Amino acid sequence: MERNDIVIGMAGSGGDGVVSAGEILVSAGASEGVHAFMLKSFGPQIRGGESSCRVRLSGKQIQSHGDQVQVLGIFSWNDFKQFRGEMHLNDPVVIVMDSADKTSKDDIPIDEDIDRIIYEVPIAQLAKDKAGTLQAKNMVMLGVLSELFGLPDEGLRDAIRKKFKKKDQEVIDSNLKAMEAGATYVRDEIDKTDEVKFSFTPAEPKVLMEGNEAFAYGALYAGCRFSAGYPITPSSEIMEWMGRELPKYDGTMLQSEDELAAIGMVIGAAFAGKKAMTATSGAGISLMSEQIGLASMAELPLVIMNVQRTGPSTGIPTKTEQADLQQALYGTHGDANRVVIAPADVEDCFDVAVQAFYISEKYQIPVIVLSDQYLGQRKETFDQDALFQSDNGFMKTIKREVPTGEDLEDYKRFKFTESGVSPMAYPGIEKGMYQAAGLEHGEHGLPTSDVDMHAKMTEKRFRKNKVIAEELNFVRFYGPEDAEVGVIGWGSSKGAIKEAIQRLNDDGYPVSAAVPQILMPFPQEKLEKYLEPLNTVYVAEMSYSGQFYKYLKGFLRFGDRELKKYARSGAAPFDVSEIYNTVKQEFE
Amino acid sequence: MERNDIVIGMAGSGGDGVVSAGEILVSAGASEGVHAFMLKSFGPQIRGGESSCRVRLSGKQIQSHGDQVQVLGIFSWNDFKQFRGEMHLNDPVVIVMDSADKTSKDDIPIDEDIDRIIYEVPIAQLAKDKAGTLQAKNMVMLGVLSELFGLPDEGLRDAIRKKFKKKDQEVIDSNLKAMEAGATYVRDEIDKTDEVKFSFTPAEPKVLMEGNEAFAYGALYAGCRFSAGYPITPSSEIMEWMGRELPKYDGTMLQSEDELAAIGMVIGAAFAGKKAMTATSGAGISLMSEQIGLASMAELPLVIMNVQRTGPSTGIPTKTEQADLQQALYGTHGDANRVVIAPADVEDCFDVAVQAFYISEKYQIPVIVLSDQYLGQRKETFDQDALFQSDNGFMKTIKREVPTGEDLEDYKRFKFTESGVSPMAYPGIEKGMYQAAGLEHGEHGLPTSDVDMHAKMTEKRFRKNKVIAEELNFVRFYGPEDAEVGVIGWGSSKGAIKEAIQRLNDDGYPVSAAVPQILMPFPQEKLEKYLEPLNTVYVAEMSYSGQFYKYLKGFLRFGDRELKKYARSGAAPFDVSEIYNTVKQEFE
Amino acid sequence: MTETNVADKPKTQFKVKDYKSDTKPIWCPGCGDFGVLASLYQALAKLNLPSHEVAIISGIGCSSRLPGYVATYGFNAVHGRILPIATGVKMASPEITVIGTGGDGDGFSIGMGHVPHAARRNVDMTYIVMDNEIYGLTKGQLSPTAHVGDVTKTSAYGSIERPVEPVDLMINVGASFVARANAGDPKQMADLIVQAIQHKGFAFIDALSPCRTFRGIEQKKFINANTFKVEDHDHDPSDKRKALDIADSQEGISTGLLYVEERPPYDELYKDLRDRATQKPVPEIQDILQRYIP
Amino acid sequence: MTETNVADKPKTQFKVKDYKSDTKPIWCPGCGDFGVLASLYQALAKLNLPSHEVAIISGIGCSSRLPGYVATYGFNAVHGRILPIATGVKMASPEITVIGTGGDGDGFSIGMGHVPHAARRNVDMTYIVMDNEIYGLTKGQLSPTAHVGDVTKTSAYGSIERPVEPVDLMINVGASFVARANAGDPKQMADLIVQAIQHKGFAFIDALSPCRTFRGIEQKKFINANTFKVEDHDHDPSDKRKALDIADSQEGISTGLLYVEERPPYDELYKDLRDRATQKPVPEIQDILQRYIP
Ligand SMILES: Cc1ncc(C[n+]2csc(CCOP(=O)(O)OP(=O)(O)O)c2C)c(N)n1
Ligand SMILES: Cc1ncc(C[n+]2csc(CCOP(=O)(O)OP(=O)(O)O)c2C)c(N)n1
Ligand code: SF4
Ligand code: SF4
Ligand SMILES: [Mg+2]
Ligand SMILES: [Mg+2]
């Protein structure tokens, strides 16, 4: 069976180079214009432990890591075990394994019910013989896979050359030889009995990026020139990127002593007039919560990226979840207004970065961006011209409004205005001197404990929400307008939801979905309109307690229609079939 | 008009001793068995600035600071200005003022529409003449008020004696003389034209306490022997109380370097087997949020008191608000289970302390107690036998379940059980050794990144909620069962709500109210039953964004009935008439 | 500061009154912080710094109310975060004169985690701690600089904790300018503030600023009776060991410039870093995309 | 520990294997932390401490995984909070032997705010920092003990920050026992851990523990080549100035016991405090109520 969509899983130990192989594979795909997607996963070992990757290649636009793994490349069954829970296998599954692994057929750690077609290849042997080093095992595997399933082999060779371009020609040659040995072995020794065959039409190369890179790049593009952070998985790549790039563009990246200092430095820079941001995760965002309240009170524009991981507490730092939503919405004491916005795919991380800076600068408010490990650390392709034109056509960059001549006569930093936004001075601007404060204050910024002033200022700070909601209310909708059953999700779940809806529609089910990009202020009108035709609505999210579900119930009028929760704890992202099967039940 | 309920306001500068006078007044009331209530309020000045107090005395059980001020004692109109916003005056208002204040009648800073009866008394003069010191001005004022309005004068004299009992007899005498001078002046010089006359029947002396004291006392009673904290207004009295008392009972109070350390020390002590707590407010609770997640993940029993103040950020440290609710419910990353419970009056602070330790120890979960400045720093009376028998009959103290012989053979700290609670060892218990962690873990406590184990452990941690909700679901209900309009409120708003309901019922309106004591897990069944007869429901809270309203909407089925929000920013607590007037509109 | 044209203007001579804001201090009569404020006005005037080119960052505490009384840019932030916020301001706008002002609790209890880092980075700022050995604003609890035996609201039976020694600490963790001054000696204080602001790098002043309300008049008397000036002792502030010796002197509390070291400040080091980063040609931002096309 | 009968039992002689848990370390081959772990087993056995009377508190980092490998009570808590949590354990249960183990980032970056306070209080515990001058667990970012010029994932153009000196810092802020040891010398390390645990008060060990993965074999070689033992130099650890001198020695990295001071630990001071609090008769808890009836 020819197909233009294939999901390949690989597992082995650190030395097996599983993740490198995956990277070469997606890079090869991208260079031949194939849509590619890659997830990696590691065991607890710091280095040299088990690792796995899942690669999806497709001729058509893809939105997720896909679903069941069709092809499994195994260096060691023992290493695979660690990933059993997250790698759901297709039935039948095609397996390429190193014949050096002597696990008996009966002990292979996959579900008994799943049919399997197994090709044993002396991978280690070939690597040693043909490339002279066991390190080339992954190249042999790539050769085998490529030959067996028709992967973009020219791209593969290119990608290998690029990967080792800083090494000697010798290294490149021996890796290419190893790949070739794998392919030759297939041609000479293997009788293909499975039906998996990838077919694709080469096209213009695609961009291949990780979400964290896309976000950092978007921030730079938006004019961010100050970033402070403290390393934390899975967000560190953002500060590392910033640390390399910002100094080139007259910017500053500081590694602070902790997250309290990171957000403090960002607050200082924002007060000083710079577009500033920090990125963190898990524990880090909780530590920042006090000063997020300060930014809210002092109406400072800044952007805080939270690449969510599995929680609570330290949780599982290397895995994903969507359970920091409530923390983003409410995680500080007092009525502290802020904006929360969530990217839905890698390319969207760029767009959302641009929008986050736009909103924060224009409305003088902290903007929290909710990405997650699934989004931040996956590799995904998109078209070359997609980046600088966002899905919702929004790619504006601005700088905050400063007070002008007249304002400066008796400068009121927190002047009551219709929109709630007051022109903002910063050190260096003559006559703009004022005192910023976490204390409640009057229009000039001076502390007050007056009951009425507190009421008025609170109202001012929240007034912005209406204006923001008018300007930014992007929601992704999928499926027919007259659907009966709807799915609402957010952030990184978009991919699985979108694909599930497509599949359901293809199968004749009247189902639609809505994925809001901005979560606070919420695009209420659009969502209420979306609800109109629906009888049943599912809220799908990777949070056991159903944080999004509770949030939506807080203000959306669901009326009589049935509201269902598809909420589960995270660590593994949604599979397409999970959403598909859940929603399909409605029609049974 | 004789009345057995009077509200007296006083304002002056620091040196005027306004707050002392108030304290003497409530103490006098309490000692004569009168119900008493006192609020104090200060201007921004650290010392010597404006201050004010409001004292309510009543022959019947009271629930709040009452409503409009009937009698105003003024040392200086200029100082009064600061408190105009929070002191709502009765019409007519009776004013006793120092004739030394030369503010012209027209410039008196009170609402023009309010009728006033003014008595001018040479207060400073009398103090100097009769007691030889201006410091006795407040005593003169007390004498005047007592004589004019029939306050408990024997009690007053007693209270003065007690107040100065550590001073010389001379001091006592001169203060008594000053008071007498005030009374004499009234008898000799004043022609009473107002109708305010307080009448009361002396009874057994009442207990007079502040909420912070009651909570600290309750914690000690519950067996708490470890407390760590960092000073912060308006919660510091709790750690100060603990610092004085705990060492007497073999306990420990540590002042930590910050709130991160405070909660850390408490976590250490809880891990070590002690009943432990901390108290904080505002910024402090936000700083603790990371480690609240740790306690949730490691299933550690501990109690965190948040005496809420006006926020966000530093806000107004000396004033009240109810806007930390969402922070308490959700203020950390990840799905971190915890219990949230809110006392409703001073005596309830004691009860809730006992319950908080009961829940935390029995269910091994962090318990957040939400008090506020209005509750923590007010003085309120209650009957002598009220304290050790709580409103809901719950006054149990327990200690956590430790593993027994069999459990210890292969001790599983996080063993899956039906209730979600697993016996908990601590250092010193043989064979109980385990590793606690903020990382996701298996039954033995060892770190895991397994998707399924994360799902099972998350479920385990949340399973407790069902059992807790069965055991603790106390709700205060007021008004008739067949009411048409209902009010739901929480925490310190209880007083104003209860009194408003009484007043509305007295006036013939079919209105009821519900005030849940435990907010998470929420007493859902009881509340849903409560909703049944109602056509309209008001959610009343001191939070601009309507945090409680949104929370309730997240899971309560309100059906067709109209749901209304009475949500306003804080700084001033609810007046009875505020609730009364709002709800009464329903019938107009 | 590329957006504003700070340097081009002819300088006028500013006076103390130009630095006074319209707000009246909320401090208690007799509070040492008045002295520090007065000295700061003096120092700013002496340096003739345009108010809009100065930013004063504070935390929370009586002392941290100071920025409100100065007509420069001010930020009365949250408790304990003066140093990170000040670092952010300075690194974002190196042209601005950055001053941090706060209390002993703000700086050495909750803010302690930032002290060694700001010092070792040598952030170019002046940090004045008004040390009254008590928590003033919260009404009298134990401070990290209070002494063993001190009875306060939270040490009812006397403190059992060895105090933090601000000057020792600062010298040890890498502050490049360390001074101590008596708030009751405005001339010395103003002189030291001038030097601290002029110093390129992290300058710390331990301002002995008595709390009349919670430490009584005795504290002030003690300070006045027990301080001596290092100038009178022929002290060489460039010698670290000597600085530590005189900081701990048995003869009393040393005041004056105790330690100073010339060392490039953080913003200058960062400029060099940018030079290294731009040695190779830097692409247009839009062209970074090319790197991601395999 | 009133609930358990710790002291009454006849003591058995424990062996290294009694302290090993069933969990296999996740550390990379060649990681210095293996050496520290082995030494800790040795030290516990030498001291013959019953495992249930020991609690090891760690933060987050490669090094902070250590408690999982020891069959005592353990707490793998959150990043940077070893010292407060350990203080809580010790003050709640003074009978328990409390050990803190973590990384340089955990201790001196995010955990810095607690260091001077635990030290000056003299909390009776042993704190071992596995100093590899890098962030291991998060895969190679700049650490506060890294050197100027070091290129890491977050210092692409070389670090511009003067490093924290753990030993200097600890001596200065009041630690009463300060040692440095090479993880590659298990005998020295084990000896020092034994002394640290025996010491009454806050004992710190700077464990030079190379990170093979992010610092390469060179780091280990450098340590082995450049350390010397203070025992060989006739060092007097009770002399603070000498301790500071040898800590900063130009001849190489000094190891061994650098500084020690006898001073009552926090829990003992607290016992005295309780004595003071109970000098006057203490009412039954129920009777406290009487105080509130006027
Ligand atoms: C996070 C946090 N914790 C506690 C407080 C309460 N608080 C305000 S000021 C202060 C300490 C004041 O002492 P200090 O810093 O010495 O300043 P001083 O008032 O003595 O000048 C404290 C604990 C706070 N505002 N924020
Ligand atoms: C609050 C918080 N911030 C950041 C992290 C991410 N993090 C985990 S370990 C670590 C530092 C590791 O370095 P170190 O403490 O030196 O330990 P090592 O791994 O080198 O032994 C960091 C930043 C975290 N877990 N929590
Ligand atoms: S309380 Fe002390 S520090 Fe605060 S203003 Fe008054 S005297 Fe100054
Ligand atoms: S990364 Fe470094 S510190 Fe961590 S286990 Fe590996 S060698 Fe050890
Ligand atoms: Mg102070
Ligand atoms: Mg390290």
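All figures in this text were calculated on a predicted structure; none of them were measured in a lab. Protein chains get the first letters and strands the later ones, always in sequence-line order, with residue 1 at the start of each.
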## Note on the structure
Interatomic distance, CE@A:Met453 vs OG@B:Ser569, rounded to 0.5 Å, equals 12.0 Å
### Message
Is A:Leu260 in contact with chain B via its backbone, its side chain, both, or neither, using a 4.5 Å heavy-atom distance?
### Response
side chain
### Task
Please flag which part of B:Thr448 lies under 4.5 Å from any non-hydrogen atom of chain A: side chain, backbone, both or neither.
backbone
### Which atoms of B:Pro447 approach chain A - backbone, side chain, both or neither, heavy atom under 4.5 Å
neither
### Query
Is the side chain of B:Lys550 donor-acceptor paired with the backbone N or O of A:Tyr551 at a distance under 3.5 Å, no angle test?
no
### Query
Rounded to the nearest 0.5 Å, how far does CE of A:Met297 lie from OG1 of B:Thr314?
7.5 Å
### Query
Looking at B:Gly546, B:Ala336, B:Gly315, which one has more heavy-atom pairs under 4.5 Å with chain A than the rest?
B:Gly315
### Task
Considering only heavy atoms and a distance below 4.5 Å, find which of B:Leu325, B:Asp452, B:Leu287 pairs most often with chain A.
B:Leu287
### Message
Under a 4.5 Å cutoff for heavy-atom pairs, which residue among A:Gly331, A:Ala572, A:Ala328, A:Ser543 has the most contacts with chain B?
### Response
A:Ser543
### Message
When you measure from the side chain of B:His333 to the backbone of A:Ser313, do you find a donor-acceptor pair of N or O atoms at a distance under 3.5 Å?
### Response
yes
## Note on the structure
One should read off an interatomic distance between A:Glu459 CD and B:Arg568 CZ, to the nearest 0.5 angstrom, of 15.0 Å
### Message
With chain B as the partner, which of A:Phe462, A:Phe83, A:Tyr549, A:Tyr330 has the greatest number of non-hydrogen pairs under 4.5 Å?
### Response
A:Tyr330
### Query
Passes side chain to side chain contact (heavy atoms under 4.5 Å, CB included), A:Asp450 versus B:Ile316? Steps please.
CA-CA 9 Å; A:Asp450 184 71; B:Ile316 309 178; over 6 Å; no
## Note on the structure
Separation between OG1 (A:Thr310) and CG (B:Leu439), nearest 0.5 Å, reads 11.0 Å
### Query
With chain A, which of B:Gln327, B:Gln547, B:Gln326 has the greatest number of heavy-atom pairs at distances under 4.5 Å?
B:Gln326
### Message
Just so I understand: if I count every heavy-atom pair under 4.5 Å between each of A:Ser296, A:Gly43, A:Ala323 and chain B, which residue has the most?
### Response
A:Ala323
### Query
If you count heavy-atom pairs under 4.5 Å with chain B, which of A:Gly85, A:Ser545, A:Gly293, A:Gly311 comes out on top?
A:Ser545
### Task
Mind checking the NZ-CG spacing from A:Lys553 to B:Leu552? Nearest 0.5 Å is all I need.
11.0 Å
### Message
How about NZ on B:Lys456, more than 12 heavy atoms from neighbouring residues, nucleotides or ligands closer than 6.0 Å, or not?
### Response
no
### Message
Taking side chain as everything from C-beta outward and backbone as N, CA, C, O, which of these in A:Arg461 sits under 4.5 Å from a heavy atom of chain B? Side chain, backbone, both or neither.
### Response
side chain
### Message
As a quick check of understanding, evaluate side chain to side chain contact (heavy atoms under 4.5 Å, CB included) for B:Thr332 and A:Asp324, giving each step before the final call.
### Response
CA-CA 8 Å; B:Thr332 187; A:Asp324 295 358; over 6 Å; no
### Task
Measure distances from A:Ile285 to the heavy atoms of chain B and classify the residue's part below 4.5 Å as side chain, backbone, both or neither.
side chain
### Query
Is there a donor-acceptor pair closer than 3.5 Å between any side-chain N or O of B:Asp335 and the backbone N or O of A:Tyr544?
yes
### Query
If we ignore angles and hydrogens, is there a donor and acceptor under 3.5 Å between the side chains of A:His454 and B:Glu321?
yes
### Query
Checking B:Lys319 side chain against A:Val451 main chain: does a donor-acceptor pair fall under 3.5 Å?
no
### Task
Rounded to the nearest 0.5 Å, what's the gap from CD on A:Glu290 to OG on B:Ser289? Could you check?
10.0 Å
### Message
Quick check for you: among A:Ala571, A:Gly438, A:Gly554, which has the greatest number of heavy-atom pairs under 4.5 Å with chain B?
### Response
A:Gly438
